[in-house]
Structure formats: C-alpha cells, structure tokens
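The structure appears right after this line, and notes come after that.
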Protein chains: 2
Amino acid sequence: MSRAEDLRWLDAAAALAARGRPLSRPNPAVGAVIVKHGLMVGRGWTQAGGRPHAEAEALAMAGEAANGATLYVTLEPCAHASARGPSCTSLVLGSGLARVVIGVEDLDPRTAGSGIAALREAGIATDVLPAPAARESLAGYLTRSAQGRPHVTLKLATSLDGKIALVDGSSQWITGPEARAHCHVERARADAILVGGSTLRADTPRLDVRLPGLEHRRPQRMVLTRGTAPEGWTAVADIASAGAFGDAQFLFVEGGAQAAAAFIAADMVDRLLIYRAPIIIGAGLPCIGDIGLGSLADAHGRWRNVDRRTLGSDALDVYERVR
Amino acid sequence: MSRAEDLRWLDAAAALAARGRPLSRPNPAVGAVIVKHGLMVGRGWTQAGGRPHAEAEALAMAGEAANGATLYVTLEPCAHASARGPSCTSLVLGSGLARVVIGVEDLDPRTAGSGIAALREAGIATDVLPAPAARESLAGYLTRSAQGRPHVTLKLATSLDGKIALVDGSSQWITGPEARAHCHVERARADAILVGGSTLRADTPRLDVRLPGLEHRRPQRMVLTRGTAPEGWTAVADIASAGAFGDAQFLFVEGGAQAAAAFIAADMVDRLLIYRAPIIIGAGLPCIGDIGLGSLADAHGRWRNVDRRTLGSDALDVYERVR
C-alpha cells in the first residue's frame, strides 16, 4: 500500500468521522475503515453519546473479513478499558487485523501512545501517518486536550465594507438564503453556539438549525454576559476561565462585534468564517469591536485563507489561525 | 467563420486595445486584427495621442494581404475625416477587405452607424457582434459618451473587518507588495487618479506608477476638495459637475472613506476593487463613510462579483455595478 493510498483511506475515515460530530460528545468523533485487498470491508464512526467507538463499529461490520486486513483510524485506538466496554486496542488485538494506520496520536493520558505500543508488541504493523483531514476532524478534541477549551469558529456576516447592521441596528438581511443555510449547517456541527449580550438583547436570535432532517440538532446556547441568562441559555461571564464552555469541543461564535472582539483579543479564535454580501452599507455597525491592536505589524501573520466559496450572490471566505 | 471564431478574434482585438490605454486619450483605445485564411495578417491599436487609429495600423501592416480578408475591430470605424487624417471607413473601402466584424457601435454622433452603413453600401459584409471584451475595453469611452463622465474604479485596501487604518491613522502597510504592485498596474491604466482631501493631507500619497518600464505613466492627480490643490494636483470641488474630470475616460479613486462615500452615494462607481489583507484591525477607520443608506433593501442588487484573485497573502475581489 503506497503512502498516497494510505492517506486516501485516512481521508475516507475522516469523512466518516464527520457523521459523529458533534453527537459523540464527550468522546471525540473518530472515523475508521477496514480495508482488505483494496476493498473496504468495514467502516464506522463514534456513535451518539460516545459509544460504540468507531473501531468497534468497523470490526463488527467486517467480521471474519478483518482477518489479515488493515484498519485506518483517525485517532489512536483507546488503550483503557471502561465500564462502557472493552478498549479498542483489545478489540484490535483479537480481530486478526494485520496492520493499523493511525492519523493522530491520542493526547488522552490514559492512552497517549500505549495503544500503539500494545499493537506493535502484538506484532501488528502500526503506522502513524499525519493526515491533515484526520487532524481537522478532531480539531475540537485536540484543542480541548491541549488547551482546555473548545475549538472556536467565529462567524461574521458582513457587507463588503465590513458592516453587520445599519446605524439603527437593522441587520435583516445582509446575506441571502444560501449563506444563511450554510451557516445552519455550521451550527449543526457545533456543540455550543455563543452570542454577545447585546446581540441577544437586540435580536433574540433563535440559533436553531433550520435544515430539513437536522431540526433536532440543538447546540447548547450560550450568551456572553456578566448578568443572568434567559431560560434555555447558559451565561458565560469570562471566556478565559476554565470550564467556561462545559465539555464543548466545537464552539460557534455568532457575534456581535463585542463578543467577536473578546474572542479575537484573547486569541481564542481558531477558524474564521466571513460571509460577505455584495452590498455597501457605509455608516453602520462594524463587525469587530476594539481588540486592543497596538500596531499594524502585530496584526500580520495570524490568518491564512483556506477556503472560498460562492453561496448565491454572497461569498464565504474561511481563514485558519496560523499557530 | 463561426460565431465562436468571430468572438475569439474580437477578443484578440480587445486585448490589443489594452495597449493603447490610457495613452490614446482623447480618442478611444481601439484594437483591430485582420484575418485571412485563419491567420492574422495585420493588427493595430490606437496610438498615443489618438493617431494613427487601430484600423490604419492594421491595414498598413497587412498591405496587399488585406485583399479579401476580414477586419475585426472593437469599435465601429470612424466615418468622419479629420484634419489629422482620412476616416477609417474610407481606408477600409480602399483596402480590398471582404468583411468587417465590429464589437461595439460608435456613439459619437459624427459616426453613430454611418460607418457601418457606408461599408455595407460598398458591398462589404459588415456584422456587429456584441463582444463583452470589446465593450469592457471601451468602458471609459462609452461611459463618457453616454453619461459625460469617466468610467470610475474605486479601490479599497482593507483588513478582513473593512478597516483602512488604525484609530491613530496608521495604514502602512495593510496589503502586501503583490497587492500594491497590482494597484500600480491599475494606476497605469487610468487617465486620472483621485484621493480625498483628508487623505492627501494625512498621507501625501505619490500616486505614481512604480513598475519597471511604466514609470513614465503619470496619470493626472486629482484631489476632492473645495479648497485649492497643491502643485501638480487638480482640485475637484464637485464630482457631479460637468467637466469635473476633464476628458479623462478612466478615473481611479483611491480613497479615503469620505471620497469613497461621495462616489458611492452619487452612484458614480462602475467598478470596485477590494484588496483584502488577512488581518483583523478591530477599532479603526472604516473604508467607506456615510452613503446615506436608508434601508438594507436599498443596498442589494447593485454589485456583482466578476473576478477574484490571490495576490501574495492578500485577495482581490472585483465587483461591477449592475446597471
């Protein structure tokens, strides 16, 4: 199997992992495929609530066919048994698999390389192949493991001149239905959604997922405020405090300008979505408030454009924080 | 010759026309190719100062080969003799050309269809084939003929959040060297460049063309002010007054926010260039001032994204006014 073929199967595993996001919480959304003679004989992803794991799903589907096959899995198989079932490492050891290819080593101290070590000790050829798609699919889990906070996407929906509303606050609509539908998909992939206090007071946004088949997705609703939150909302007073966002892996920040500025100033934005409508507003409300920038030089080198797409008459640009 | 082939040759003529811009002023920058048996036997474009015309250049190159050939020309050949030489229509009549394909009919009342009529009367097959590239290359001439003002490009160089400077006014640099070089190419294609009065006072921009081989291009420098202009600059007090921009066909407006707002509010911007650097400024100076927008609905349906390109780490979006 060439490296390119290995990466292609890991990409397929990462694509499957997306089906588990965000429902797998508190477990990471992992994807797995089992390949034999170039054909996929099993595939799985972490199920809602975190169990069964992706490897268990894939092995159950493969059955006897796992014998001599290769497992591609986005994250190192867990090595610790839990009350909820055996470890994936032990499942692999009993499966007859000949080879395991892993996208990302687990940072969980209960595994952290011990899964890989156990597989190798048992004579299973085990490779770690850094796969960007696997890493990206696990961004929430990895950010939480490394930094104790969720992976944060900041969404802005602006005019060409960077405004999110007229001076009188009117903001419906700047972007069109295609861009708004895309935003609902992003919501459906988040564990929690946050808006600023003044946005909540001004707009009382529903922040629900209005997409056929996904209406049941109800990301936790959070509001950035030192006061109390209305029913159905969680108040977040300090975004930098430990546990501010519960166990959310993926947080979607929808604005307004002050909330956006707070996350940017704290360098807590990992991914930036800018939906731009082909309109000019002129005098109006800016999309991002004061971030305390001292000089232009400090602003450079932080963002990289990773995607661009056309949504109706609007455009979406996606940026990633360069770290 | 198929319609697709005809359009391809008109595109080639339009590409040649670009060589005459903006030096052909006060004449339009026209391009012409002469094609025989599928091969180009002559080509020309309006020379500096307006003479010779594109057709005269192409016919001189083709010589005897023009006999029985087809002339592709972006604009209807002029029908009026002038002290500077014979009309292009008369040159074509004496050339032996069998066919003429024209991209745009001339609006000049001295021609306005009479060139086409004279060619047809002489038995030369003459077609008008609306060619977007020909129309675009003549945008300055056509806007001036129809509306008595130049074709206006507004350039903005902003952060992702639509700011052109920090609160203290510092703006060097937002975009990188590739974007700035691209902007110098745009300057080299303009008859005149305009900035607002406060931009002139704050930055005293040179507005020159710093590109190897193009340093001699010196677009006329204009400043939007009710006061007087410094030496080497022309003061424009009212952008809506007749003759405000002399005989300029292509005007390039470089900002700042008040000048941009004045042109947008007067609906005088035909083309919008937004260079965006992947930086966030937060509190800062907005790129466009108050345009008197009453409701969001009024802002929609006016701009269409026609081009997008990556320039170093920056991006350029080009929009055209939908009229």
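Order of the sequence lines sets the chain letters (A, B, ...), proteins ahead of strands, with each chain counted from 1. For the numbers below, each heavy atom of this structure counts, side chains included, while hydrogens, waters and symmetry mates do not.
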What part of [X] lies closer than 4.5 angstrom to a heavy atom of chain B: side chain, backbone, both or neither?
| X | answer |
| --- | --- |
| A/Asp161 | both |
| A/Leu166 | side chain |
| A/Asp317 | side chain |
| A/Ile280 | both |
| A/Leu160 | both |
| A/Ile264 | side chain |

Minimum heavy-atom distance between A/Pro278 and B/Tyr319, given as atom pair plus value: CB-CE2, 4.2 Å
Residue B/Ile164 versus chain A: region with a heavy atom under 4.5 Å: neither
Rounded to the nearest 0.5 Å, how far apart are OG of A/Ser170 and CG of B/Leu293? 8.5 Å
Looking at CG of B/Asp168 and CG of A/Leu296, how far apart are the two atoms once the value is rounded to the nearest 0.5 Å?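 Going from CG on B/Asp168 over to CG on A/Leu296, the span is 8.0 Å.
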So which of [options] has the biggest tally of heavy-atom pairs under 4.5 Å with chain A?
| options | result |
| --- | --- |
| B/Thr158, B/Ile288, B/Leu156 | B/Ile288 |
| B/Gly289, B/Ala165, B/Gly301 | B/Gly289 |
| B/Asp298, B/Ile281, B/Thr310 | B/Ile281 |
| B/Arg276, B/Gln172, B/Lys163 | B/Arg276 |

Step through the shown structure and confirm whether more than 12 heavy atoms of other residues, nucleotides or ligands are within 6.0 Å of [atom1] on [X].
| X | atom1 | value |
| --- | --- | --- |
| A/Gln220 | CD | yes |
| A/Arg135 | CZ | no |
| A/Glu186 | CD | yes |

A/His300 side chain vs B/Gly176 backbone, donor-acceptor pair below 3.5 Å: no
